[in-house]
S.K.: 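Below: one structure in structure tokens.
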Amino acid sequence: MSKLSRTGSLEESKSQIQQNLEDEVVQEILKTGTDLRHYSKQIEKELKEVENKSIQDYIKESQNIASLHNQISACDQILERMEMMLLGFQSDLGSISSEILSLQRKSISMSQELANRQAIRGQLSQFIDDMVVPESLITGILDCNVTDKDFLTHLQVLNHKLSFVKEQSFKESKSCWDVRDILEKLKIKAMTKIRTYLLEQVYKFRKPMANYQVPQNVLLKNKFFYEFILSNERNVAQEICNEYIDTMSKIYFSYFKSYSGRIMKLQYEECATKDDLMGIEDTASRGLFHKTSLKHKTTVFSIGNRGNVLAQQLEAPIIVPHAQMKNRYPFEALFRSEQYAVVDNACREYLFVSEFFMVRGQPALDLFNHIMGKTLSLLTKNLEGFVSECYDMIALFLCFHLILRYQLMCHKRCVPALDKYWETLQGIILPRFEYVFKLNINSIRDCDPTKFNKEMGPHYITRRYAEFSAALVGISENFPNELVNKLLAELQEEVELFILRMAGIFPQRKEQLIYLINNYDMVLNIIMERTRDNSKEAESFRARLTAKSTEYVEEILSPHFGEMMQFVKECEHLLEKGQQEEFKKYEAKSLVLVQNFSVTWKKSLEELNREVLLSFPNLVTGSSLLQLALTQLVQYYHRFHKLLTPNIRTQLTNIHHIMVELKKYKTVY
């Protein structure tokens with residue numbers, strides 16, 4: 001069929017081409033003007049010849065054409081059979097496709113059914129495992145000892161089954177009724193054994209000389225016992241908790257009551273009293289401490305080694321009273337030992353109850369307060385008793401800073417349970433500290449300078465202040481306190497006024513300056529030795545010392561070189577105002593000064609050296625003042641030299657001779 005269609009289209013193409021050619025021929029004839037009749041006959045003749053040739057060619061190829069026709073017919077038959085075969089194949093493939101789709105749907109359905117059955121099987125298997133009570137579980141709960149590991153394993157399984165059955169009972173699962181009775185009986189049996197065991201462990205705390213950390217560690221290893229009871233019978237859990245609270249409360253109270261009573265017997269017999277204030281006059285008949293106590297500490301205002309309780313001794317082992325019967329301690333050392341014992345026991349107890357009784361936050365704090373509240377109240381009351389009669393400010397301040405450091409230690413251990421206790425202790429100590437502090441300030445304010453000896457050396461009240469101030473500033477460096485800073489500022493002001501009042505009893509200004517320098521220098525040295533160089537107190541006294549030292553240098557130079565110094569000041573003043581004529585009048589006077597200086601300067605240096613060194617007990621201070629005076633002298637000498645005329649200047653002692661002499665008085669300490 002396709003071959004015939006191709007043949008027809010070929011003939012149509014030929015006819016169309018022929019027509020186009022004829023049209024072109026006709027157009028060509030018309031253009032040339034040829035006779036159409038003649039041209040037509042010629043064409044007919046040519047066509048006839050072509051036809052005859054075609055016939056001859058056709059006759060010659062007739063056999064091939066017949067053979068081609070036969071072949072085409074055979075091909076048509078073959079193609080027809082192939083078409084029928086392909087149609088058969090198409091029909092067969094359609095049926096196979098439908099069968100495949102059917103099988104695919106069946107496969108998906110079977111796969112879903114399998115997945116559903118597997119899911120149901122897993123859930124059902126788990127449900128059965130959780131619901132069934134095996135014989136081994138019954139035997140383990142009934143026969144195993146509480147301390148056996150197998151009992152703990154069986155108990156965990158039992159706890160899971162109890163929780164599961166309780167959950168399923170809310171869903172109205174009928175299978176719960178089959179196992180409820182046996183589980184309930186096992187629960188009662190397990191709780192009975194656990195209750196007996198836990199109470200036995202609690203009662204072990206009550207044995208005399210018992211180390212309660214041992215049963216606590218045992219309880220922590222078996223803390224699931226309490227968790228089981230708490231989740232299944234809260235009344236029994238509360239009974240065990242109450243028994244523990246009652247036991248430990250009595251143990252801690254008894255221990256700390258005994259320990260506090262015995263340790264306080266180790267305190268110094270002689271303590272500071274209301275007569276041991278900073279401004280109280282020191283007499284031979286009564287010191288700040290009696291002789292029995294002076295072996296152990298200097299005065300109530302110096303810290304000595306007492307500050308070690310905040311450093312090396314902060315976490316040192318507590319004092320054992322019966323082992324230290326022959327030793328005596330200041331109150332802060334005993335307070336440190338007692339409070340460190342509180343920190344150690346309270347932190348351990350808080351962490352234990354939080355873990356074993358499974359409480360956090362406020363419930364944990366409430367449980368801790370039930371256990372330790374009575375003990376902490378006892379210690380608070382004991383501190384109130386001591387503080388109400390205490391006049392030892394160093395002890396009070398050290399105790400206050402012990403509280404701050406132990407509070408920080410508790411926070412590092414994640415134990416907030418003692419915060420209220422620390423705040424209470426601070427509320428007891430600070431008001432008393434402020435009260436005694438103000439008594440000392442008032443005692444200095446009320447001092448009568450005329451009652452003291454007229455000595456130009458450092459005053460013992462100034463030394464008391466220096467020791468005390470350095471102690472407080474040194475302790476407060478890492479824990480500054482606004483109240484303490486305010487009190488120290490008031491005390492410093494009163495001490496400075498006292499020093500000025502004491503200086504006023506000396507008639508000569510030079511003596512007053514010696515007294516002021518000696519006291520300022522002593523205070524500055526002590527403060528710088530115990531604290532930072534840049535503390536407010538050190539800066540204040542350094543400025544005062546510098547000012548008085550400068551004034552003192554002018555005072556001691558004046559008797560020996562006063563005329564030269566006055567001459568320099570007056571002449572420089574005239575030159576500044578441009579009064580040259582007035583300045584020339586001083587020429588004669590300058591000649592006399594040069595002559596006198598040349599005669600007396602060496603002797604004056606010797607007297608100056610002797611006077612300075614005798615006036616100051618601190619050789620370093622005396623030497624530095626002497627060097628300051630000599631430096632000032634050299635400066636005056638240079639200024640004096642510039643003011644002289646060339647003629648007079650030649651008579652002046654050479655500066656190099658003076659410098660060589662000055663080196664003799666330079667002492668290195």
Side-chain angles (χ1 to χ4, degrees), residues 272 274-288 299-302 391 393 434-473 484-528 535-556 558 611-612 614-618 621-622 625:
K274 61 182 179 180
D275 295 325
D276 296 317
L277 300 177
M278 195 174 294
I280 298 296
E281 183 182 356
D282 195 7
T283 61
S285 60
R286 185 194 56 79
L288 291 173
T299 72
V300 74
F301 302 105
S302 62
Y391 290 88
M393 289 189 292
E434 182 180 8
Y435 170 74
V436 179
F437 206 121
K438 289 186 176 180
L439 287 181
N440 281 274
I441 292 175
N442 293 333
S443 70
I444 294 176
R445 184 183 296 127
D446 298 337
C447 273
D448 183 3
T450 59
K451 293 183 178 180
F452 299 102
N453 296 330
K454 290 179 63 175
E455 296 177 356
M456 290 186 291
H459 199 280
Y460 59 82
I461 290 182
T462 309
R463 177 174 290 280
R464 291 175 186 173
Y465 162 75
E467 295 281 355
F468 178 71
S469 178
L472 263 61
V473 172
V484 175
N485 292 337
K486 178 184 175 183
L487 293 172
L488 280 173
E490 293 180 13
L491 179 62
Q492 180 181 339
E493 182 181 356
E494 289 301 328
V495 169
E496 289 174 353
L497 292 174
F498 167 76
I499 294 174
L500 292 175
R501 292 200 306 271
M502 283 297 300
I505 67 175
F506 297 99
Q508 297 182 11
R509 181 58 182 168
K510 183 171 66 175
E511 293 176 338
Q512 295 176 0
L513 291 171
I514 292 172
Y515 178 82
L516 292 173
I517 291 172
N518 276 325
N519 282 271
Y520 290 155
D521 178 65
M522 180 197 65
V523 173
L524 182 61
N525 286 335
I526 291 176
I527 291 178
M528 289 179 61
S535 64
K536 291 188 297 183
E537 291 77 9
E539 292 295 337
S540 174
F541 281 100
R542 185 181 291 111
R544 292 179 179 277
L545 178 61
T546 301
K548 300 306 177 186
S549 297
T550 303
E551 186 180 352
Y552 172 73
V553 165
E554 294 286 333
E555 285 289 332
I556 60 173
S558 184
E611 179 183 358
V612 171
L614 290 176
S615 299
F616 299 97
N618 187 336
T621 302
L625 284 170

S.K.: Of all the heavy-atom pairs spanning Glu496 and Ser540, show the shortest one and how long it is.
M.R.: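 Looking at all heavy atoms of both residues, the closest pair is OE2-OG, 3.4 Å.
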S.K.: Mark yes or no for whether Ser615, through its side chain, and Glu611, through its backbone, hold a donor-acceptor pair below 3.5 Å.
M.R.: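 Answer holds: yes.
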S.K.: For the pair Phe301 and Phe468, name the ring-plane relationship: parallel under 30°, tilted 30 to 60°, perpendicular over 60°.
M.R.: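 Rings of Phe301 and Phe468: perpendicular, over 60°.
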S.K.: Report the distance from atom CD of Glu511 to atom CD of Glu555, rounding to the nearest 0.5 Å.
M.R.: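 Those atoms lie 11.0 Å apart.
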S.K.: Any Lys/Arg nitrogen of Arg509 or Glu551 sitting under 4.0 Å from an Asp/Glu carboxylate oxygen of the other?
M.R.: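 Looking at Arg509 and Glu551, the cut-off is met.
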S.K.: Just wondering, do Tyr391 and Asn440 contact through their side chains at under 4.5 Å, heavy atoms?
M.R.: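 Counting from C-beta outward, Asn440 and Tyr391 never come under 4.5 Å.
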S.K.: Answer yes or no: is there a side-chain heavy-atom contact under 4.5 Å between Asn518 and Asn618?
M.R.: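 Sidechains of Asn618 and Asn518: no contact.
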S.K.: For Leu497 and Arg501, what are the C-alpha separation, side-chain angles and deciding distance, and is it a side chain to side chain contact (heavy atoms under 4.5 Å, CB included)?
M.R.: CA-CA 6 Å; Leu497 292 174; Arg501 292 200 306 271; 4.0 Å; yes
S.K.: How many angstroms lie between CD in Gln508 and CE in Met456, if you round to the nearest 0.5 Å?
M.R.: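 So the CD of Gln508 and the CE of Met456 are separated by 9.0 Å.
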S.K.: Let's go through Ile499 and Tyr465 carefully: what are the C-alpha distance in whole Å and the side-chain angles of both, what is the deciding distance for side chain to side chain contact (heavy atoms under 4.5 Å, CB included) to 0.1 Å, and is it a yes or a no?
M.R.: CA-CA 11 Å; Ile499 294 174; Tyr465 162 75; over 6 Å; no
S.K.: From Asn485 CG over to Gln492 CD, what is the distance, rounded to the nearest 0.5 angstrom?
M.R.: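 It comes to 11.5 Å.
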S.K.: Taking Asn519 for the side chain and His459 for the main chain, is one N or O donor matched with an acceptor at less than 3.5 Å?
M.R.: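 Yes, Asn519 side chain to His459 backbone: donor-acceptor pair under 3.5 Å.
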S.K.: I need the minimum non-hydrogen distance between Gly279 and Cys447, along with the two atoms involved.
M.R.: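 Smallest heavy-atom distance, with atoms named: O-SG, 3.0 Å.
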S.K.: Determine whether Lys510 and Ile514 make a side-chain contact, defined as any pair of heavy atoms from C-beta on separated by less than 4.5 Å.
M.R.: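 Side-chain contact under 4.5 Å: yes.
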S.K.: Show the numbers, then the answer: is there a side chain to side chain contact (heavy atoms under 4.5 Å, CB included) between Asn525 and Met522?
M.R.: CA-CA 5 Å; Asn525 286 335; Met522 180 197 65; 5.9 Å; no
S.K.: With side chain to side chain contact (heavy atoms under 4.5 Å, CB included) as the test, would you mind laying out the steps for Glu467 and Arg463 before giving the verdict?
M.R.: CA-CA 6 Å; Glu467 295 281 355; Arg463 177 174 290 280; 4.1 Å; yes
S.K.: Which atoms form the tightest heavy-atom contact between Leu524 and Ala538, and what is the distance?
M.R.: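 Heavy atoms only, the tightest pair is CD1-O, 3.3 Å.
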S.K.: Side-chain contact, heavy-atom cut-off 4.5 Å: Val612 with Tyr552?
M.R.: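 Yes, at least one pair of side-chain atoms sits under 4.5 Å.
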S.K.: Rounded to the nearest 0.5 Å, what's the gap from CZ on Phe437 to CG on Leu277? Could you check?
M.R.: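 Going from CZ on Phe437 over to CG on Leu277, the span is 12.0 Å.
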S.K.: Hey, does Leu545 have a side-chain heavy atom less than 4.5 Å from the side chain of Thr621?
M.R.: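 SC-SC contact between Thr621 and Leu545 ruled out.
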S.K.: So, taking the atom named OG in Ser443 and the one named CG in Asp276, what distance separates them when rounded to the nearest 0.5 Å?
M.R.: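 It comes to 11.0 Å.
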S.K.: Parallel under 30°, tilted from 30 to 60°, perpendicular over 60°: which one fits the rings of Phe452 and Tyr460?
M.R.: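 Rings of Phe452 and Tyr460: perpendicular, over 60°.
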S.K.: One thing to verify: whether Glu539 and Lys536 come together as a salt bridge, which I'm taking to mean a side-chain N less than 4.0 angstrom from a carboxylate O.
M.R.: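 Looking at Lys536 and Glu539, the cut-off is not met.
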S.K.: State, to 0.1 Å, how close Ile505 and Pro449 come at their nearest heavy-atom pair, and which atoms those are.
M.R.: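 Looking at all heavy atoms of both residues, the shortest contact is CG2-CB, 3.9 Å.
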S.K.: Got a donor-acceptor contact below 3.5 angstrom from the Thr550 side chain to the Thr546 backbone?
M.R.: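 Confirmed, Thr550 side chain pairs with Thr546 backbone.
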S.K.: Are the side chains of Leu516 and Leu500 in contact, using a 4.5 Å heavy-atom criterion?
M.R.: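 With C-beta onward as the side chain, the pair touches.
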S.K.: When you compare the side chain of Asp521 with that of Phe616, does any pair of heavy atoms fall below 4.5 Å?
M.R.: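 The answer is no, as the side chains (C-beta and beyond) never meet within the 4.5 Å cut-off.
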S.K.: Does NZ belonging to Lys454 count more than 12 external heavy atoms closer than 6.0 Å?
M.R.: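 Check passes, neighbour count above 12.
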S.K.: Please examine the side chains of Leu487 and Leu491, heavy atoms only from C-beta on, and report whether any two atoms are closer than 4.5 Å.
M.R.: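 No. Closest side-chain heavy atoms not under 4.5 Å.
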S.K.: Check Ala272 against Val300 and note the closest heavy-atom contact, atom names and distance.
M.R.: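 Smallest interatomic distance, heavy atoms only, reads CB-CG2, 3.5 Å.
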S.K.: Hey, what do you get for CD1 (Ile280) to CD1 (Ile444), rounding to the nearest 0.5 Å?
M.R.: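 Reported value, rounded in 0.5 Å steps: 10.0 Å.
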S.K.: Can you give me the closest heavy-atom contact between Ala466 and Val523, atom names plus distance?
M.R.: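 Where Ala466 meets Val523 most closely, the heavy atoms are CB-CA, 3.8 Å.
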